[in-house]
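A short write-up of the structure that comes next.
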Amino acid sequence: MISEFFWLYFLQTRPRTQCLYHHIQLLNKHIIHTGVPMFLDFMSEVEGLLHAALERCGYKVEEGVNNLGLELSPHADLASSVAFRLAPVLKKSPVAIAREIHQALGQNFSYVQKVELSGPYLNFFMSRKFLDRVIQQALADNAWTGRMNERVIVEHTSANPDGPLHVGHIRNSVIGDTLVRILRRAGCTVDAQYYVNDMGRQEAMVVVGCDHFQLDGSKADHAVAKVYIAANRLMETNPEIRDEADQVIQRYEAGDDETVAKIQSAIKYAIGGIEGTLHRMNIRHDSYHWESEFVRKGDVSEILGQLEKTGLTEYEEGAFQLDLTSYGFEKKMVLKRANGTSLYITRDLAYHRWKSLNSDRSVDVLGADHKLVSGQLCTALRLLGVREPEVVIFEFVSLPTGSMSTRKGKFISADELLDEVEKQAYEEVKVRRPEESEAFLKVVAAQVATGAVRYDVVKVSPDKATTFDWKQALDFEKLSAPFIQYSHARACSILRKGEDLCKAETSQEGQNDPAQADMLIGENEIALIKKIAQFDLVIDRAARELKPHQLATYARELAESFNHFYRYSPVLDAEPRLRQARLALARAARNALRTTLETLGIDALETM
RNA sequence: GGGCCCGUGGCUUAGCCAGGAUAUAGCACCGGGCUUCUAACCCGGGGGUCGCGGGUUCGAAUCCCGCCGGGCCCGCCA
């Protein structure tokens, strides 16, 4: 019975030497299916070989992350720089140590073909057997799924229902939804949640706005925004609007029927519009949770009571506050207003406690402006003895003219962006496929647009602040979704023609030769198989570290590998047995591309 | 003023947390490749003090300290 399992990770892929590390997991439920040879298994074998060799030499490496110095390298499938680590301790040259370890490695290889000594480095190479099994795995009907088995709640988007999503919100939505997909691929059961801010001032302003202005016939979320912006403008000259909003907040918290009805219908109306936009981007939430739920159920007052017991609370000018100065927060956290109504942070505390109790992991995707408040929230949760969420922070998206604001009507909506990108995509498809029907052009344009928008967002690390740029958004030339979608479409095209060819020959000659994977010896073929093999590592690492952009990078590399294969290894013109082998690889690559695209939430077009 | 994040060829960007062998790509620029499975592709070329200065180390884009520049935050808003 295995009680421990080494999770192996690696950073990136291509040329430069990259760091790998492992992480000991103590829970059986995390064990990866060992019958599915992917990169993790190759790496596992390398680790075992190295540990055994080190033991034979009588060498000990210190416990620690990546203590074997494993890394992806342009010189090998996996390289170890462990000799460098041992040199200061053993007072020998790294080259001599590497030589000793190399001699002690033995020959009990399965997925390892050979180990080459290169100065102080030990270079491990994959065996034919491993490569063949990778193809078999990729050819299987079911896409690869990991064994994480955790129940995860991912909260993302959660935009106030006071207007449409804008280009800043979609960074949240795309990162969040991609994480949901990555976690599911890794084997988790994921509940994607939208937290609805129904008790805040913003929503009260929408209701006040609806009392003074008419919702027009535009898309629901846009109509709501107009009313909301108008109400805010009105407040500048008529300060009593603020009092009206305050009264709405108080009546709603008190449960006044008429106010409840007004707020809820306004929210449902706005959310309907927001959902429409999300659906265009292949994003769906599994459940919606309203902050008022947690007030009405009594969770909020229960939490206030528990926090009072910590002895860190106090009343200041009638407001109930939590003093977190000893935890490094200089400002006190106000839990209840002097007028008795609750605040966002208090309701959020209740929501987070509920999430923690109903999941193994909970993930929040939040903009950089929430950093401080989510730090306070986590500290308060710790005081309550509740597991903290894992918070994924993304830096701001601003406009060339400054930051966006729904209230001021200063934003570029997601709908506007999608419309423009789709228009551009339509022109591109029309040039390339003039013979196709209008319906075809429209479908392809829409799917290319969705992909282009999602990929543009997800390819950049969340901690880079960005400035929205139309020119860049509409330029989906190379480093973008269409590049990957196109590779997939090419693979599909080969497979379609290959099938026809096989049918014709089968009817003529009776029998096809079975595919011979070991005929795939071209440099580009091997490279493609190796790239396919890395999928499990990318998913595993992205799921654990919550870094979706790593999958975006992998997708580009996979497509690139396929394009090289496409260019240098003719499939249909090859002699029958080789053709079979290459068709199998094309199918394996098609499956890998499709799975990767699906995990990114990008449509895998079969033709474009 | 304090806290967090970012700074990599003209522009955008990977790698950084877990330091290792020639620093990743794209755009733009120069040149080449469609009678051959979809050229939304492929190949070659030029272009880099990895913000600056110290330190740690056999070895630093990566770790530590200081500085400079940019973003975000510091509400009885969310």
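Below, read A as the first sequence line, B as the second, and so on, with proteins coming before strands; counting in each chain starts at 1. Heavy-atom basis, side chains included; hydrogens, waters and symmetry copies ignored.
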Rounding to an integer number of Å, can you tell me how far [X] [atom1] sits from [N] [atom2]?
| X | N | atom1 | atom2 | value |
| --- | --- | --- | --- | --- |
| A/Leu558 | B/U24 | CG | P | 20 Å |
| A/Tyr194 | B/A78 | OH | P | 16 Å |
| A/Glu560 | B/U13 | CD | P | 19 Å |
| A/Glu116 | B/A21 | CD | C1' | 14 Å |
| A/Lys471 | B/G26 | NZ | C1' | 13 Å |
| A/His75 | B/U22 | NE2 | C1' | 7 Å |
| A/Ile494 | B/A39 | CD1 | P | 10 Å |
| A/Arg433 | B/A39 | CZ | P | 11 Å |

Backbone of A/Tyr228 reached by a side-chain donor or acceptor of A/Asp162 within 3.5 Å
no
Verify, without hydrogens or angle tests, whether A/Tyr554 (side chain) and A/Lys531 (backbone) share a donor-acceptor contact under 3.5 angstrom.
yes
Name all pairs fulfilling the ring-ring contact (aromatic ring centres under 6.0 Å, His included) condition that reach into residues 314-337 of chain A, sequence neighbours left out, sorted by first residue then second.
A/Tyr315-A/Phe320
Sequence neighbours left out, what pairs pass ring-ring contact (aromatic ring centres under 6.0 Å, His included) with at least one residue falling in residues 441-469 of chain A?
A/Phe468-A/Trp470
Nearest-Å distance once atom [atom1] is located in both [N] and [M]:
| N | M | atom1 | result |
| --- | --- | --- | --- |
| B/C65 | B/A28 | C1' | 39 Å |
| B/C29 | B/G66 | C1' | 40 Å |
| B/U57 | B/C11 | P | 36 Å |
| B/U13 | B/G19 | P | 25 Å |
| B/C27 | B/G9 | C1' | 12 Å |
| B/C58 | B/C50 | P | 22 Å |
| B/C41 | B/C5 | P | 37 Å |
| B/U49 | B/U8 | P | 12 Å |

Identified pairing partner of [N], criterion: Watson-Crick or G-U wobble below 3.5 Å:
| N | value |
| --- | --- |
| B/C67 | B/G51 |
| B/A25 | B/U12 |
| B/C34 | none |
| B/A60 | none |
| B/G75 | none |

Counting side-chain heavy atoms from C-beta on, which of [options] comes nearest to [X]?
| X | options | value |
| --- | --- | --- |
| A/Val448 | B/A40, B/A78, B/C41 | B/A40 |
| A/Gln472 | B/U12, B/A21, B/C37 | B/U12 |
| A/Asp463 | B/C58, B/C6, B/U22 | B/C6 |
| A/Lys547 | B/C17, B/A21, B/A14 | B/C17 |

How is [X] classified with respect to the nucleic acid when contacts are heavy atoms under 4.0 Å: base, sugar-phosphate, or nothing?
| X | answer |
| --- | --- |
| A/Asp573 | sugar-phosphate |
| A/Tyr568 | sugar-phosphate |
| A/Thr466 | nothing |
| A/Thr607 | base |
| A/Ser374 | nothing |

Strictly by modelled atom types, are A/Gln193 and A/Tyr351 linked by a side-chain donor-acceptor pair under 3.5 Å?
yes
Side-chain donor-acceptor contact under 3.5 Å, A/Tyr252 with A/Asp198:
yes
OP1 or OP2 of [N] sitting under 4.0 Å from any side-chain N/O of [X]?
| X | N | value |
| --- | --- | --- |
| A/Tyr566 | B/A39 | yes |
| A/Arg567 | B/A39 | no |
| A/Asn197 | B/A78 | no |
| A/Lys459 | B/U12 | no |
| A/His564 | B/C43 | yes |
| A/His549 | B/G15 | yes |

Do NZ/NE/NH1/NH2 and the carboxylate oxygens of A/Arg432 and A/Glu428 come within less than 4.0 Å?
yes
With sequence neighbours left out, what residues match [X] under ring-ring contact (aromatic ring centres under 6.0 Å, His included)?
| X | result |
| --- | --- |
| A/His488 | none |
| A/Tyr194 | A/His285, A/Tyr288 |
| A/His352 | none |

Expected string for nucleotides 72-77 of chain B under the B/S/- scheme (protein heavy atoms, under 4.0 Å, primed atoms plus P, OP1, OP2 as sugar-phosphate) is SSSSBB
Please tell me which of A/Asp198 and A/Glu606 maps to the more 5' nucleotide of RNA chain B, matching each residue to the nucleotide holding its nearest heavy atom.
A/Glu606
Parallel, tilted or perpendicular for A/Tyr344 and A/His370, by the 30°/60° rule?
perpendicular
Between the base of B/A21 and the side chain of A/Asn123, is there a donor and acceptor pair under 3.5 angstrom?
yes
Using a cutoff of under 3.5 Å, can you pull out all pairs of nitrogen or oxygen atoms linking the protein to nucleotides 67-69 of chain B, with atom names and distances?
none

The criterion is salt bridge (Lys or Arg N to Asp or Glu O under 4.0 Å); which residues satisfy it with A/Glu435, sequence neighbours excluded?
A/Arg433
Side chain to side chain donor-acceptor pair (under 3.5 Å) partners of residues 334-343 of chain A, not counting sequence neighbours, each pair once
A/Glu253-A/Ser342, A/Arg337-A/Thr341, A/Asn339-A/Thr341, A/Ser342-A/Arg347
